[in-house]
Amino acid sequence: MIIKAPIDLELTQLSGQTSQPPWKQVGDSFRQAILVDDKPVIFEVKQDGEGLDFNFEGEISQRQAISRLNYIFDLDFDLSGFYKYLDNHEELKDMSRFCNGLRLFLAPDPFECIISSICSANNSIKRWTKSVDDIKQNWGNRHGNYYTFPQSSDLAKAYLDDEDEFNSSNIQDICDCSNNLKSCGVGYRAPYMRRASELFTLEINLNEIFEMSYDEAFETVLQVPGVGPKVADCILLYGFNFREAFPSDVWIKRIVSYLYFDGKEISVPKVREFGMEEFGDMAGYVQLYMFHYARMSGLMSKLK
């Protein structure tokens with residue numbers, strides 16, 4: 001089945017967006033198990049010209065499958081209109097040439113995005129995506145050769161580290177401990193992840209965040225240990241589809257300073273404020289394109 005919407009599937013999958021790890025690549029296709037209305041569905045998607053060719057296995061309708069893929073790959077977003085927007089801004093007009101077909105890769109499970117975003121802080125894309133995949137295999141549900149992300153209530157019960165697992169289980173040798181968060185390579189983030197799991201099990205309703213204003217949602221997510229402003233904006237953009245989010249760190253600061261402030265020093269909070277005010281509902285997409293433009297054009301090396 002074909003969905004006709006311009007996208008570079010591989011670029012979108014491998015762009016490091018903290019919604020989720022890339023889907024499993026098998027030949028020229030990407031595959032993953034996704035819950036759709038609480039039913040497990042295995043999707044297979046591949047590039048078809050500028051659009052997507054897809055198949056799925058699961059007890060849902062074709063209409064439901066198309067709707068879910070449209071959301072995850074943001075296929076209803078007017079990419080050509082966005083490129084016209086970029087073309088009308090002198091500082092941004094070269095970006096579509098370097099990032100053509102890049103779309104938001106939105107989380108089918110916002111809780112997975114929360115854990116992924118916490119895991120991504122001060123971490124490489126390769127390491128955090130492997131850690132999240134390991135978490136899925138340890139505590140998620142298996143569907144064929146794929147795993148869905150565990151619910152917060154399940155991850156809240158996970159052991160923190162080898163010592164916690166050894167003291168709380170029947171394992172006789174601590175060297176045999178391998179079913180804990182730190183064994184997934186998350187390091188110091190393990191207690192943040194478990195506390196986040198507890199919060200979203202007992203105190204914060206994930207679904208209510210979708211209905212909040214941006215400011216209310218931002219303050220809510222900031223309550224989670226291990227979540228600062230940059231991670232909060234990633235969670236709101238990739239996990240809850242708040243387009244006005246402008247995740248800002250030292251790299252975005254350098255790029256914005258170079259493009260808009262003649263290289264002058266500007267704080268990360270000011271960059272975030274500038275991005276949200278300057279780009280409005282396009283802020284999330286502009287940030288995504290800014291970062292990858294800097295990587296792919298050589299600007300990143302120039303700014304180091």
State whether the side chain of [X] and the backbone N or O of [Y] hold a donor-acceptor pair below 3.5 Å, judged by distance alone.
{"X": "S131", "Y": "C184", "result": "yes"}
{"X": "N180", "Y": "S183", "result": "yes"}
{"X": "D249", "Y": "W251", "result": "yes"}
{"X": "Q20", "Y": "L106", "result": "yes"}
{"X": "S297", "Y": "Y293", "result": "yes"}
{"X": "T12", "Y": "R103", "result": "yes"}
{"X": "R142", "Y": "G144", "result": "yes"}
{"X": "T129", "Y": "K126", "result": "yes"}
{"X": "R127", "Y": "C119", "result": "no"}

From [atom1] ([X]) to [atom2] ([Y]), nearest 0.5 Å:
{"X": "L92", "Y": "L259", "atom1": "CG", "atom2": "CG", "result": "7.0 Å"}
{"X": "H292", "Y": "M95", "atom1": "NE2", "atom2": "CE", "result": "12.0 Å"}
{"X": "L104", "Y": "F73", "atom1": "CG", "atom2": "CZ", "result": "12.0 Å"}
{"X": "Q32", "Y": "I72", "atom1": "CD", "atom2": "CD1", "result": "9.0 Å"}
{"X": "T18", "Y": "W128", "atom1": "OG1", "atom2": "CH2", "result": "6.0 Å"}
{"X": "S67", "Y": "I60", "atom1": "OG", "atom2": "CD1", "result": "9.0 Å"}

So with a 6.0 Å cut-off around [atom1] of [X], is the heavy-atom count from everything else above 12?
{"X": "N122", "atom1": "CG", "result": "no"}
{"X": "Q64", "atom1": "CD", "result": "yes"}
{"X": "F82", "atom1": "CZ", "result": "yes"}
{"X": "E57", "atom1": "CD", "result": "no"}

In plain terms, say whether [X] and [Y] are close enough for a salt bridge, that is, a side-chain N and a carboxylate O under 4.0 Å apart.
{"X": "D74", "Y": "R243", "result": "yes"}
{"X": "R195", "Y": "E203", "result": "yes"}
{"X": "K4", "Y": "E50", "result": "no"}

For this session: Show the numbers, then the answer: is there a ring-ring contact (aromatic ring centres under 6.0 Å, His included) between Y285 and Y85?
Result: CA-CA 11 Å; Y285 258 97; Y85 174 86; over 10 Å; no
Under 4.5 Å between any side-chain heavy atoms of [X] and [Y], yes or no?
{"X": "M193", "Y": "I135", "answer": "yes"}
{"X": "E112", "Y": "P21", "answer": "yes"}
{"X": "I209", "Y": "P110", "answer": "no"}
{"X": "L237", "Y": "L288", "answer": "no"}
{"X": "T148", "Y": "D109", "answer": "no"}
{"X": "F111", "Y": "S197", "answer": "yes"}
{"X": "Y258", "Y": "K302", "answer": "yes"}
{"X": "F30", "Y": "L52", "answer": "no"}

Problem set entry | Residues V186, Y192; criterion side chain to side chain contact (heavy atoms under 4.5 Å, CB included); working and verdict | CA-CA 10 Å; V186 303; Y192 298 155; over 6 Å; no
Which heavy atom of [X] sits nearest to which heavy atom of [Y], and what is that distance?
{"X": "L102", "Y": "Y83", "result": "N-OH, 4.2 Å"}
{"X": "S19", "Y": "Y238", "result": "CB-CB, 3.7 Å"}
{"X": "Q47", "Y": "L9", "result": "OE1-N, 2.8 Å"}
{"X": "N179", "Y": "Y159", "result": "O-CD1, 3.5 Å"}
{"X": "A232", "Y": "L222", "result": "CB-CD2, 4.0 Å"}
{"X": "A65", "Y": "F54", "result": "CB-CE1, 4.0 Å"}

Problem set entry | Chi angles and distances behind the side chain to side chain contact (heavy atoms under 4.5 Å, CB included) call for W23, V45 | CA-CA 9 Å; W23 292 7; V45 296; 4.0 Å; yes
For this session: Applying side chain to side chain contact (heavy atoms under 4.5 Å, CB included) between C234 and each of S117, S120, C113, S116, report the one that passes.
Result: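 Passing option: S117.
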Exercise. Does R272 count as lying over the ring of F218, i.e. NZ or CZ under 6.0 Å from the six-ring centre, within 45 degrees of the axis?
Worked result: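 Positive - R272 is close enough to the ring of F218 and near enough to its axis.
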For this session: Indicate the ring-plane relationship of F279 and F246, choosing parallel, tilted or perpendicular according to the 30° and 60° boundaries.
Result: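 Tilted.
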[X] side chain to [Y] side chain, donor-acceptor N/O pair below 3.5 angstrom:
{"X": "D233", "Y": "Y214", "value": "yes"}
{"X": "Q17", "Y": "S15", "value": "yes"}
{"X": "S152", "Y": "T201", "value": "yes"}

In terms of hydrophobic clusters joined by side-chain contacts under 4.5 Å, are [X] and [Y] together?
{"X": "L69", "Y": "Y146", "answer": "no"}
{"X": "Y289", "Y": "L14", "answer": "no"}
{"X": "L35", "Y": "V132", "answer": "no"}
{"X": "L79", "Y": "I2", "answer": "no"}
{"X": "M1", "Y": "I42", "answer": "no"}

For this session: Decide side chain to side chain contact (heavy atoms under 4.5 Å, CB included) for N145 and K24; before the verdict, give the C-alpha distance in whole Å, the side-chain angles of both, and the deciding distance to 0.1 Å.
Result: CA-CA 10 Å; N145 294 323; K24 304 303 179 187; over 6 Å; no
For this session: Kindly indicate, with the supporting measurements, whether the criterion side chain to side chain contact (heavy atoms under 4.5 Å, CB included) is fulfilled by E90 and K93.
Result: CA-CA 6 Å; E90 183 66 27; K93 65 181 183 179; 3.0 Å; yes
